[in-house]
A.B. asks: 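Below is the structure I would like to discuss, written out as structure tokens.
As the structure is a computational prediction, the values presented were derived from the model and not from experiment. Because only heavy atoms are used, hydrogens play no part in the values below, and waters and symmetry mates are left out as well, while side chains stay in.
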Amino acid sequence: MDPERAMRAAAPGYLWYDGMVAEPITKDQFANYLLGWEDRMKAIGGTGRYEVSDELSADQNGHILRWAWWRFVGTDVGGSALLKVGDEGVIYEKIAYFKPVDAADV
């Protein structure tokens with residue numbers, strides 16, 4: 001949760017795609033986005049932390065693609081994330097949110 005540290009690992013054209021935000025977040029915008037993270041999570045009942053599970057990695061034409069399921073601790077909000085990493089650093093991160101399904105609806 002340290003934006004300066006995170007951006008040191010980011011490629012020059014880094015983009016963060018968050019399904020809850022209309023436009024991709026650039027390196028220049030990332031600090032403001034990340035610094036509001038805990039407040040946004042607490043506003044929906046979360047702790048500000050998240051858990052990751054079922055991680056997969058693949059080498060694709062010299063880039064590493066990494067995928068995982070995630071969920072916000074203390075909420076029913078979760079989804080998946082995809083990262084693309086190359087020699088220049090993290091190229092992009094994409095986050096998808098999934099609506100929780102009530103067991104009674106299945």
A.B. asks: Classify the angle between the aromatic ring planes of F72 and W70 as parallel (below 30°), tilted (30 to 60°) or perpendicular (above 60°).
C.D. replies: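 If you compare the ring of F72 with that of W70, the planes turn out tilted.
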A.B. asks: Provide the closest heavy-atom pair for K27 versus A10 in the form atom of the first, atom of the second, distance.
C.D. replies: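 Smallest interatomic distance, heavy atoms only, reads NZ-O, 3.4 Å.
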A.B. asks: Let me check something: do L34 and V73 share a hydrophobic cluster, defined by ILVMFWY side-chain heavy atoms less than 4.5 Å apart, either directly or through other members?
C.D. replies: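 Different clusters.
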A.B. asks: Taking the inter-plane angle between the rings of W16 and Y33 on a 0 to 90° scale, is it parallel (under 30°), tilted (30 to 60°) or perpendicular (over 60°)?
C.D. replies: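 Judged by the thresholds at 30° and 60°, the geometry between W16 and Y33 is tilted.
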A.B. asks: Which heavy-atom pair separates G86 from I91 by the least distance, and what is that distance?
C.D. replies: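 Residues G86 and I91, closest heavy atoms: N-CD1, 3.9 Å.
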A.B. asks: Give, for atom CE of M7 and atom CG of D28, the distance between the pair rounded to the nearest 0.5 Å.
C.D. replies: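 Those atoms lie 10.0 Å apart.
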A.B. asks: Would a 4.5 Å heavy-atom cut-off, applied to side chains only, mark L15 and F30 as touching?
C.D. replies: no
A.B. asks: Given Y92, which of L82, V85, L83 fulfils the side chain to side chain contact (heavy atoms under 4.5 Å, CB included) condition?
C.D. replies: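 By the side chain to side chain contact (heavy atoms under 4.5 Å, CB included) criterion, Y92 pairs with just one of L82, V85, L83: L82.
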A.B. asks: Rounded to the nearest 0.5 Å, what's the gap from OG1 on T26 to OH on Y14? Could you check?
C.D. replies: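 Between atom OG1 of T26 and atom OH of Y14 there are 10.0 Å.
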A.B. asks: Check whether any side-chain heavy atom of V77 lies under 4.5 Å from a side-chain heavy atom of Y97, and answer yes or no.
C.D. replies: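 Of all side-chain heavy-atom pairs linking Y97 with V77, at least one is under 4.5 Å.
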A.B. asks: Flag the pair K84 / V90 as yes when at least one side-chain heavy-atom distance between them is below 4.5 Å, and no otherwise.
C.D. replies: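 No. Closest side-chain heavy atoms not under 4.5 Å.
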A.B. asks: Heavy atoms only: give me the nearest P24-Q29 pair and the separation to one decimal.
C.D. replies: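 The pair with the smallest heavy-atom distance is O-OE1, 3.6 Å.
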A.B. asks: Using every non-hydrogen atom in the two residues, find where D54 and W67 come nearest and quote the distance to one decimal.
C.D. replies: O-CZ3, 3.1 Å
A.B. asks: Between CZ of R71 and OG of S53, what distance do you get to the nearest 0.5 Å?
C.D. replies: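 If we round to the nearest 0.5 Å, R71:CZ and S53:OG are 9.0 Å apart.
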A.B. asks: Could you state the interatomic distance from CD1 (I95) to OH (Y50), rounded to the nearest 0.5 Å?
C.D. replies: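 I95 CD1 to Y50 OH: 8.5 Å, rounded to 0.5 Å.
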A.B. asks: How many angstroms lie between atom CG of D87 and atom CD1 of I64, to the nearest 0.5 angstrom?
C.D. replies: 9.5 Å
A.B. asks: Quick check for you: to the nearest 0.5 Å, what is the distance between L65 atom CG and S57 atom OG?
C.D. replies: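 One finds 8.5 Å between CG of L65 and OG of S57.
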